[in-house]
Amino acid sequence: MKDKEMFSLSLDIGEGIIKSGGEVHRAEDTIKRINSAYGQKCTVFAIPSLIIAQSGKEIQMRRIEREDNNLAEISRLNALSRRLCNEAGDEIYVTKSKVYTSKTNLICIAIATGSFSMFFGGNIADAIISGIIGIIITLIGDKRINLATFTSNLIDSFISSILALTSSIIFTNIHSDKIIIGTIMLFVPGLTVVNAMRDMMSDDLIAGMIELFNAIISAFAIALGVAGAILLFTRI
């Protein structure tokens, strides 16, 4: 494989890591290690939305649009980078693989939202309704056009809160607050906060601060969506 192709491939892998929710420091380190294994010195600067890398006279820049967190994809890309470092000349191409089916994802989402609802004091009925709402929100999100994180979290939290409050009117012996808590846990940017801390501890202060600010904005959007739904119901 030519040096130019390897350089481009290393950026594809680094871009995929960030898109799937990996740390910026991990992406930078992966790009450097792959190029170093092929005898190329590489300089990399990355933030959550951009990668700029130079290897010799070759310079490439990638604009990154964040996708859903996908730990399985990060693991696959890490394994792929190790193969590249250990098997020089091996023809490898980055193609995103779908590890879990849509049905499996929906089942896991229902279990997760229902479990969170019960964890915070809800009953079985709360967990079931929370799981159903989680599935509905996921299906709506899959069919919706790509939106900014703030707008997406605002809409999703508003709709999920409306559904939870409506359910409390239709059914008795359920707790809308527990259902809301369970469903909005889908949107809480926990992994983003962890990545921000890890990047800052790895001296990637700019990337870490950007990720932390994104997490704060996402949390604000969630709170605003829930508050808007509650305010709407109190006015009706």
Checking [X] now: which residues fulfil side chain to side chain contact (heavy atoms under 4.5 Å, CB included) with it, not counting sequence neighbours?
X	answer
Thr30	Ile13, Ile17, Arg26, Ile34, Ser81
Thr149	Asn153, Ser218
Leu163	Ile133, Ile136, Ile159

Side chain of Tyr38, backbone of Phe7: donor and acceptor closer than 3.5 Å?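 Answer holds: no.
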
Look at the side chain of Asp204 and the backbone N and O of Ala207, then say whether any donor-acceptor pair between them is shorter than 3.5 Å.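 No; judged by distance alone, with no hydrogens or angles, the pair does not exist.
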
Closest contact, heavy atoms only, [X] versus [Y]:
X	Y	answer
Ser167	Ile129	OG-CG2, 3.7 Å
Glu73	Ser20	CG-OG, 3.2 Å
Ala229	Leu165	O-CD1, 3.7 Å
Ile18	Pro48	CG2-O, 3.6 Å
Ile179	Ala164	CG2-CB, 3.6 Å
Ser157	Gly225	OG-CA, 3.3 Å

Name each donor-acceptor pair under 3.5 Å that joins a side chain in residues 109-126 to protein atoms two or more places apart or in another chain, with its distance.
| residue | atom | partner | partner atom | Å |
| --- | --- | --- | --- | --- |
| Thr113 | OG1 | Ile109 | O | 2.9 |
| Thr113 | OG1 | Ala110 | O | 3.2 |
| Thr113 | OG1 | Ser130 | O | 3.4 |
| Ser115 | OG | Ile111 | O | 2.6 |
| Ser117 | OG | Lys178 | O | 3.3 |
| Asn123 | OD1 | Ala125 | N | 3.1 |
| Asn123 | OD1 | Asp126 | N | 2.8 |
| Asn123 | ND2 | Asn173 | O | 3.2 |
| Asp126 | OD1 | His175 | N | 2.8 |
| Asp126 | OD2 | Asn123 | N | 3.0 |
| Asp126 | OD2 | His175 | ND1 | 2.9 |

Please test Ser160 against Ile184 for side chain to side chain contact (heavy atoms under 4.5 Å, CB included), starting from the C-alpha separation and ending with a verdict. CA-CA 7 Å; Ser160 61; Ile184 66 173; 4.2 Å; yes

Members sharing Leu50's hydrophobic cluster (side chains within less than 4.5 Å):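 Leu50 shares its hydrophobic cluster with Phe45, Ile47, Ile52, Met61, Ile206, Ile210.
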
Side chain to side chain contact (heavy atoms under 4.5 Å, CB included) between Met209 and Leu212, intermediate numbers included: CA-CA 5 Å; Met209 291 175 66; Leu212 185 60; 5.6 Å; no

Measuring from [X]:[atom1] to [Y]:[atom2], what's the distance to the nearest 0.5 Å?
X	Y	atom1	atom2	value
Ile132	Thr183	CD1	OG1	12.5 Å
Asn105	Lys103	CG	NZ	12.5 Å
Ile31	Ser36	CD1	OG	13.5 Å

Can you sort out the partners of [X] under side-chain hydrogen bond (donor to acceptor under 3.5 Å, both in side chains), two or more places apart, ordered by chain and number?
X	value
Ser10	Asn35
Asp29	Arg33
Arg62	Ser8, Asp12, Glu15, Gln60
Thr104	Thr101

[X] versus [Y]: any side-chain heavy-atom pair under 4.5 Å?
X	Y	value
Phe220	Leu224	yes
Ser152	Phe187	no
Asn214	Phe150	no
Gln54	Cys42	no

Show me, pair by pair, the donor-acceptor contacts under 3.5 angstrom made by side chains of residues 189-201, not counting sequence neighbours?
| residue | atom | partner | partner atom | Å |
| --- | --- | --- | --- | --- |
| Asn195 | ND2 | Gly21 | O | 2.6 |
| Arg198 | NE | Glu23 | OE2 | 3.3 |
| Arg198 | NH1 | Glu23 | OE2 | 3.1 |
| Arg198 | NH2 | Glu23 | OE2 | 3.1 |
| Asp199 | OD1 | Val24 | N | 3.4 |
| Asp199 | OD1 | His25 | N | 3.0 |
| Asp199 | OD2 | Val24 | N | 3.3 |

Given the rule in the side chain to side chain contact (heavy atoms under 4.5 Å, CB included) test, do Leu106 and Leu139 qualify, once you have shown the distances and angles that lead to the verdict? CA-CA 9 Å; Leu106 292 177; Leu139 293 175; 4.0 Å; yes

Audit row: Leu154, Phe158, side chain to side chain contact (heavy atoms under 4.5 Å, CB included) steps and yes/no: CA-CA 6 Å; Leu154 178 64; Phe158 179 80; 5.6 Å; no

